[in-house]
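This is a predicted model, so every value here is computed, not measured. Counting from 1, the numbers follow the sequence of the chain as shown.
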Amino acid sequence: MPVMTKPHLLPIQWAAMAIIILLVGLYAGRFAINPSDLLSAMQKLPSVLIDLMMTGQVSEELTQQERIILLIRLPRLLTALIVGAGLAVSGAVYQGVFRNPLVSPDILGVASGCMFGAAMGLILPGSSWFTVQLLAFVCGLSAACVAMFMARKFGSNSILLMLMTGIIIGSIFGSGLTMLKALADPYGELPAIVFWLMGSLSASSWSTVAQLAVPVVIGYGLIHSLRYRLNVLCLGDQQSRSLGIEPAKLRLVLIIISSFIVASCVATVGQVAWIGLVVPHMVRTFAGANNMRVIPLSTAIGAIFLLLADSVARSSFTMEIPIGIVTSLVGAPLFAFLLFRFRQGGTY
């Protein structure tokens with residue numbers, strides 16, 4: 001087995017790169033921004049955040065450029081950063097728990113549950129955007145919980161059985177989503193459902209950043225503290241028990257935390273494909289399978305990936321395209337390249 005070389009960049013360097021890309025992204029867009037406008041906006045950022053928390057409104061003294069930076073672009077970029085990091089770290093955990101680099105975060109039907117809940121919220125009379133997000137979040141977590149409950153009820157804690165129950169639950173929610181699309185108004189509700197399913201960051205605001213930051217940051221903190229235990233879990237159940245770790249309980253904890261992060265992200269911005277599969281898979285090709293490195297590297301690179309994808313989605317065409325299309329167009333060929341490289345003699 002060839003010896004894996006250490007990655008050229010450390011997690012802190014990837015995180016610094018994400019911050020640099022975020023600052024560059026503040027300039028990207030069809031509305032021109034000058035460096036002086038950006039500097040002025042950053043100086044007013046603390047007062048704007050205080051005003052939003054205290055009164056929900058911002059000062060009338062802000063210029064148009066400062067409003068675009070502080071109220072549109074910056075919250076959107078921060079949302080992209082948080083969602084990319086959350087989906088990537090969840091994918092890394094799922095791949096470690098199931099000991100398979102081809103596993104994605106929606107393997108337990110979380111994404112399908114979120115899609116069903118959002119579609120149900122969009123067709124309910126008098127439903128608000130908060131209701132859509134709440135239903136998506138509840139249905140996403142319910143899908144994961146039902147899949148794990150079914151696996152335990154069948155009297156086995158095997159990974160294969162959990163994957164099978166996840167496929168069953170995902171198929172059920174997928175059928176329910178198809179039924180809701182068939183019942184939706186083709187002139188109003190159906191286009192809204194289809195656009196939401198493709199993923200979009202266009203509705204991002206500071207409230208979006210706040211409601212995403214809490215579960216993702218807390219979830220990452222818990223996962224980060226369990227990185228070594230995840231390494232032990234990857235050795236197999238028998239070896240884990242010999243080292244004093246109960247694999248079934250640890251697996252359940254990690255799946256719940258990761259599903260919570262995925263449900264929060266998907267319920268807020270819609271389905272953003274491939275990040276949870278491609279980014280951890282890519283990290284393992286150059287950093288090895290040690291989760292002490294894979295977890296923080298996947299988090300930073302996932303944030304960078306979605307930041308770049310969002311910049312392309314909102315700046316490359318005369319109209320904004322859904323972020324899910326960009327991540328699929330980039331993620332699928334990249335994943336094919338990684339698989340080809342692996343077949344040519346790579347290793348995990």
Practice prompt. For Ser328 and Ile325, indicate whether the former's side chain and the latter's backbone hold a donor-acceptor pair under 3.5 Å.
Written response: no
Fill in: Non-hydrogen atoms of Ser112 and Gly174 that approach each other most closely
CB-N, 4.5 Å
Worksheet entry | Partners meeting salt bridge (Lys or Arg N to Asp or Glu O under 4.0 Å) with Glu320 (sequence neighbours left out) | Arg76
Worksheet item: Say you draw a straight line from CG of Leu334 to NE2 of His281; how long is it, rounded to the nearest 0.5 Å?
Response: 9.0 Å
Item to complete: Specify the closest pair of heavy atoms between Leu70 and Ala41, including all atoms of both residues, with the distance to one decimal.
Response: CD2-O, 3.4 Å
Worksheet item: Would one find more than 12 heavy atoms of other residues, nucleotides or ligands at under 6.0 Å from atom CE of Met42?
Response: yes
Worksheet entry | Under 3.5 Å donor-acceptor, Asn290 side chain and Met292 backbone | yes
Worksheet item: Sub-3.5 Å donor-acceptor pair from the side chain of Ser259 to the main-chain atoms of Ala144, do we have one?
Response: no
Practice prompt. Determine the interplanar angle of the Tyr94 and Phe98 rings, folded into 0 to 90°, and report it as parallel if under 30°, tilted if 30 to 60°, perpendicular if over 60°.
Written response: parallel
Worksheet item: How many angstroms lie between CG in Leu26 and CD1 in Ile72, if you round to the nearest 0.5 Å?
Response: 12.0 Å
Discussion item. Tell me if a side-chain donor or acceptor on Ser225 pairs with a main-chain N or O of Leu222 at a distance below 3.5 Å.
Written reply: yes
Worksheet item: Is there a side-chain contact between Val266 and Val272 (heavy atoms, below 4.5 Å)?
Response: no
Item to complete: Please determine which of Ile255, Val253, Leu254 meets the side chain to side chain contact (heavy atoms under 4.5 Å, CB included) test together with Arg251.
Response: Ile255
Worksheet item: Do Ser40 side-chain atoms and Asp37 backbone N/O form a donor-acceptor pair below 3.5 Å?
Response: no
Discussion item. Restricting to non-hydrogen atoms, name the atom on Val216 and the atom on Gly86 that form the minimum distance, rounded to 0.1 Å.
Written reply: CG1-CA, 4.0 Å
Worksheet item: What pair of heavy atoms forms the shortest contact from Glu189 to Ala184, and how long is it?
Response: OE1-CA, 3.5 Å
Worksheet item: Of Val89, Asn231, Leu226, which meets side chain to side chain contact (heavy atoms under 4.5 Å, CB included) against Ile295?
Response: Val89
Worksheet item: Between Leu38 and Ile69, is any pair of side-chain heavy atoms under 4.5 Å apart?
Response: yes
Discussion item. For the CZ atom on Arg227, are there more than 12 heavy atoms of other groups (residues, nucleotides or ligands in this structure) within a distance under 6.0 Å?
Written reply: yes
Worksheet entry | Side-chain heavy atoms of Leu233 within contact of Leu230, under 4.5 Å | yes
Discussion item. Please check this pair: side chain of Thr327 against backbone of Gly324, looking for a donor-acceptor N/O pair closer than 3.5 Å.
Written reply: yes
Worksheet item: Got Gln271 and Met198 here, is their nearest side-chain heavy-atom distance under 4.5 Å?
Response: no
Discussion item. Let's go through Arg73 and Ile33 carefully: what are the C-alpha distance in whole Å and the side-chain angles of both, what is the deciding distance for side chain to side chain contact (heavy atoms under 4.5 Å, CB included) to 0.1 Å, and is it a yes or a no?
Written reply: CA-CA 11 Å; Arg73 290 187 183 176; Ile33 298 295; 3.2 Å; yes
Worksheet item: Should the pair Phe335 and Trp274 be assigned to parallel (<30°), tilted (30 to 60°) or perpendicular (>60°) ring geometry?
Response: tilted
Worksheet item: Should Ile261 and Leu87 count as side-chain neighbours, where that means a heavy-atom distance under 4.5 Å?
Response: no
Practice prompt. Could you tell me the separation between the CD atom of Glu66 and the CG atom of Leu74, rounded to the nearest 0.5 Å?
Written response: 13.0 Å
Worksheet item: Which heavy-atom pair separates Leu277 from Gln95 by the least distance, and what is that distance?
Response: O-NE2, 3.3 Å
Worksheet item: Between atom OG of Ser204 and atom CG of Leu201, what is the distance when rounded to the nearest 0.5 Å?
Response: 4.5 Å
Item to complete: Kindly determine whether Leu124 and Val132 satisfy side chain to side chain contact (heavy atoms under 4.5 Å, CB included), including the steps that lead there.
Response: CA-CA 9 Å; Leu124 287 177; Val132 173; over 6 Å; no
Worksheet item: Can you check whether Phe137 and Phe260 have ring centres sitting under 6.0 Å from each other?
Response: yes
Practice prompt. Could you tell me whether the side chain of Phe173 reaches within less than 4.5 Å of the side chain of Cys114, counting heavy atoms only?
Written response: no
Worksheet, complete the sentence: Of all heavy-atom pairs linking Ser298 and Ala92, the shortest is OG-CB, 3.9 Å
Worksheet, complete the sentence: Interatomic distance, CG@Leu307 vs CG@Leu23, rounded to 0.5 Å, equals 10.0 Å
